[in-house]
> 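Handing you this structure, nothing more for now.
Small disclaimer: the values here were computed from a predicted structure and weren't measured.
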Amino acid sequence: MAAARQGTAAAPEPCPGTEPGVDVFAEGGVPVLDWRENLEFDGRGALWVSHALKGVEGYRPDGTRFATVPVPSPAGIRRGPDGAMYVNYGQIPVPHGSGIMKFDPAHPDRAPRKVVDGLLGINGLAIDGRGNFYLGREFAPTLLKLRPDGTEDKDWTAAADVFGTNGLALADGRFYAGISVHPRSPVEQVPLDDPAAHTRLADLSPSALGFKGLDDLTVVGGQVYAVAFGAGEIIRIDRASGESCVLVDGLHSPTSARAPLGFGDHDPENELFVTEASGRILRIGPLH
């Protein structure tokens, strides 16, 4: 059973002494129809974005879209330890089912291939250094762990009894998981080697009236940045204390955030890129 949370139950206030800018990297389109769900940098000069209806898009640092990979209804996307890009597909029910695909970011013209299929209700994705997959499931009682060959690690999955997870971020041997469906909008921390010992890092809503509607999250240094889809906010959480504050607000249904690793002159320690359901891709910074 999870231990008590560290952070306070008060609604987060604006982060003191921080006024990051919000710049549009790529314009949006028709809300929902141009829904961009997730993003990941490949570390080799490209940004890959999950467009819910158009597949995975590749962008250069100058904002040029240079590739589209035909992944049906993509969601969470992550770079694997082998350098390939892995992406959940079938978030919106499609004839192809749902699971995980992979593609080579150096050759996006080559067709992606299925790695795992037959999954249900998957959203967030994380991959450890051994190539194991971890999936958030908004209406399931546990996180899901799959080995590189696609078989389920049932013992790990059963021990990771965190209900309703969405976004996942792995850092320093532990996962940070945003809970979408809980009225207190919690973020859990789950040890990779002992998932049953998960604890509450922070509650971001004092009650259901302040429900944040958490989506994805990411880790930069000593901070977790949680994406509040419902509140239109990016919330910063101190990994040591669980204290939280609102980094930016007024966003249009943000869905994911990631630091720009190996992306031109962008600073991965002081910037975030954010996708929205509006279709916009934003650059936010400086973070501190």
Side-chain angles (χ1 to χ4, degrees), residues 2 5-7 37-43 47-50 75-81 85-88 100 122-138 142-146 156 160 162 164-180 182 185-195 197-204 212-229 233-244 247 254-263 268-275 284 287:
R5 58 182 167 76
Q6 298 179 34
E37 170 66 16
N38 212 267
L39 74 161
E40 177 76 318
F41 295 88
D42 64 15
L47 163 64
W48 298 95
V49 177
S50 295
I77 181 169
R78 290 294 183 272
R79 182 182 61 163
M85 304 300 294
Y86 293 83
V87 55
N88 294 344
I100 303 171
I122 58 174
N123 196 329
L125 174 66
I127 307 173
D128 68 19
R130 297 180 178 179
N132 296 299
F133 303 105
Y134 303 84
L135 296 109
R137 302 183 291 173
E138 292 167 297
T142 67
L143 293 171
L144 174 64
K145 178 181 178 181
L146 302 176
W156 195 99
V162 183
T165 55
N166 189 328
L168 299 175
L170 177 60
D172 301 321
R174 67 181 53 231
F175 286 102
Y176 296 88
I179 313 302
S180 294
H182 194 291
S185 305
V187 173
E188 290 277 323
Q189 45 191 352
V190 183
L192 179 62
D193 294 332
D194 187 10
H198 59 86
T199 59
R200 183 72 50 85
L201 176 64
D203 284 329
L204 302 180
K212 298 292 185 182
L214 297 183
D215 201 318
D216 200 14
L217 43 69
T218 195
V219 173
V220 180
Q223 309 293 328
V224 174
Y225 292 89
V227 178
F229 177 90
E233 298 170 342
I234 304 296
I235 301 171
R236 187 172 73 197
I237 310 165
D238 186 273
R239 292 169 62 192
S241 68
E243 296 299 321
S244 62
L247 181 72
T255 55
S256 185
R258 203 75 67 237
L261 177 66
F263 197 57
E269 297 183 358
N270 210 21
E271 297 179 41
L272 290 175
F273 277 64
V274 173
T275 49
I284 295 175
L287 302 181

> According to ring-ring contact (aromatic ring centres under 6.0 Å, His included), who are the partners of F229, at least two apart in sequence or on a separate chain?
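Partners of F229 under the ring-ring contact (aromatic ring centres under 6.0 Å, His included) test: W35.
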> Is the Y134 ring parallel, tilted or perpendicular to the F175 ring (thresholds 30°, 60°)?
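It falls in the tilted class, 30° to 60°.
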> Taking ring-ring contact (aromatic ring centres under 6.0 Å, His included) as the definition, give me every residue that meets it alongside Y176, ordered by chain and number, with sequence neighbours left out.
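Checked Y176 against ring-ring contact (aromatic ring centres under 6.0 Å, His included); zero matches.
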> Check side chain to side chain contact (heavy atoms under 4.5 Å, CB included) between A228 and all other residues, then give those that pass, not counting sequence neighbours.
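So A228 forms a side chain to side chain contact (heavy atoms under 4.5 Å, CB included) with K212, L214, A231, E233, I235.
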> Got S50 and V87 here, is their nearest side-chain heavy-atom distance under 4.5 Å?
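S50 vs V87: side chains touch.
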> So, for I77 and N38, which heavy atoms are closest and what is the spacing to 0.1 Å?
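Smallest heavy-atom distance, with atoms named: N-OD1, 3.4 Å.
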> So which heavy atom on A126 is nearest to which on L168, and how close?
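The answer is CB-CB, 4.1 Å.
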> Rounded to the nearest 0.5 Å, how far does CD1 of I122 lie from CG of L135?
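Reported to 0.5 Å precision, the distance equals 5.5 Å.
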> Looking only at heavy atoms, what is the nearest atom pair of A177 and L217, with distance?
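The answer is C-CD2, 3.9 Å.
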> Going from OG on S256 to CD1 on I234, what distance comes out if it is rounded to the nearest 0.5 angstrom?
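Between atom OG of S256 and atom CD1 of I234 there are 8.5 Å.
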> If you look at every heavy atom in V219 and A171, which pair is closest and at what distance?
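Looking at all heavy atoms of both residues, the closest pair is CG1-CB, 3.8 Å.
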> Checking side chain to side chain contact (heavy atoms under 4.5 Å, CB included) for the pair R174/L192: CA distance, chi angles, key distance, verdict?
CA-CA 5 Å; R174 67 181 53 231; L192 179 62; 6.0 Å; no
> Pick out which of D128, D42, D216 makes a salt bridge (charged side-chain N to carboxylate O under 4.0 Å, His left out) with R78.
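The option that passes is D216.
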> Between E271 and V220, is a side chain to side chain contact (heavy atoms under 4.5 Å, CB included) present by the stated rule, with each step listed?
CA-CA 9 Å; E271 297 179 41; V220 180; over 6 Å; no
> With sequence neighbours excluded, what pairs up with T275 under the side chain to side chain donor-acceptor pair (under 3.5 Å) test?
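T275 satisfies side chain to side chain donor-acceptor pair (under 3.5 Å) with T255 only.
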> Using the side chain to side chain donor-acceptor pair (under 3.5 Å) criterion, which residues pair with D193? Sequence neighbours excluded.
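Scan of D193 (side chain to side chain donor-acceptor pair (under 3.5 Å), adjacent residues dropped) gives none.
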> Taking atom CZ of F273 and atom CZ of F41, what is their separation to the nearest 0.5 Å?
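Rounded to the nearest 0.5 Å, the CZ-CZ separation comes to 5.0 Å.
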> Can you name the residues that form a side chain to side chain contact (heavy atoms under 4.5 Å, CB included) with R79, not counting sequence neighbours?
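Partners of R79 under the side chain to side chain contact (heavy atoms under 4.5 Å, CB included) test: E40, M85, L261.
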> Quick one: side chain to side chain donor-acceptor pair (under 3.5 Å) partners of Y225, sequence neighbours excluded?
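Checked Y225 against side chain to side chain donor-acceptor pair (under 3.5 Å); zero matches.
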> Run the side chain to side chain contact (heavy atoms under 4.5 Å, CB included) test against N270 and tell me which residues pass, sequence neighbours left out.
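For N270 the side chain to side chain contact (heavy atoms under 4.5 Å, CB included) partners, ignoring immediate neighbours, are D267, P286, L287, H288.
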> With a 3.5 Å distance limit and no angle check, can you tell me whether R236 reaches the backbone of L247 through a side-chain donor-acceptor pair?
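Answer holds: no.
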> Is the shortest side-chain heavy-atom distance between I127 and P81 below 4.5 Å?
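Counting from C-beta outward, I127 and P81 do come under 4.5 Å.
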> Between R239 and G221 (side chain of the first, backbone of the second, donor and acceptor by atom type, cut-off under 3.5 Å), is there such a pair?
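Indeed, once roles are kept as given, a pair shorter than 3.5 Å links the two residues.
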> Kindly indicate whether the side chain of L144, heavy atoms from C-beta on, has any atom under 4.5 Å from the side chain of F133.
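L144 does not reach F133 side chain to side chain.
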> Can you name the side chain to side chain donor-acceptor pair (under 3.5 Å) partners of E138, sequence neighbours left out?
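In terms of side chain to side chain donor-acceptor pair (under 3.5 Å), with neighbours along the sequence ignored, E138 is linked to N123, N166.
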> Report the distance from atom OG of S244 to atom CD of Q223, rounding to the nearest 0.5 Å.
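Nearest 0.5 Å value for the OG-CD distance: 10.5 Å.
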> Looking at V162, is its backbone amide N or carbonyl O close enough to the side chain of T142 to form a donor-acceptor pair, meaning the two atoms are under 3.5 Å apart?
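Looks like no, no N/O pair under 3.5 Å.
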> For the residue pair G242 and A202, what are the closest heavy atoms and their distance?
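Residues G242 and A202, closest heavy atoms: O-CB, 3.5 Å.
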> Can you give me the closest heavy-atom contact between E188 and T199, atom names plus distance?
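Here E188 and T199 meet closest at OE1-O, 3.1 Å.
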> I'd like to know if the side chain of W156 reaches the main chain of L143, judged simply by a donor and an acceptor atom lying under 3.5 Å from each other, with no hydrogens or angles considered.
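No.
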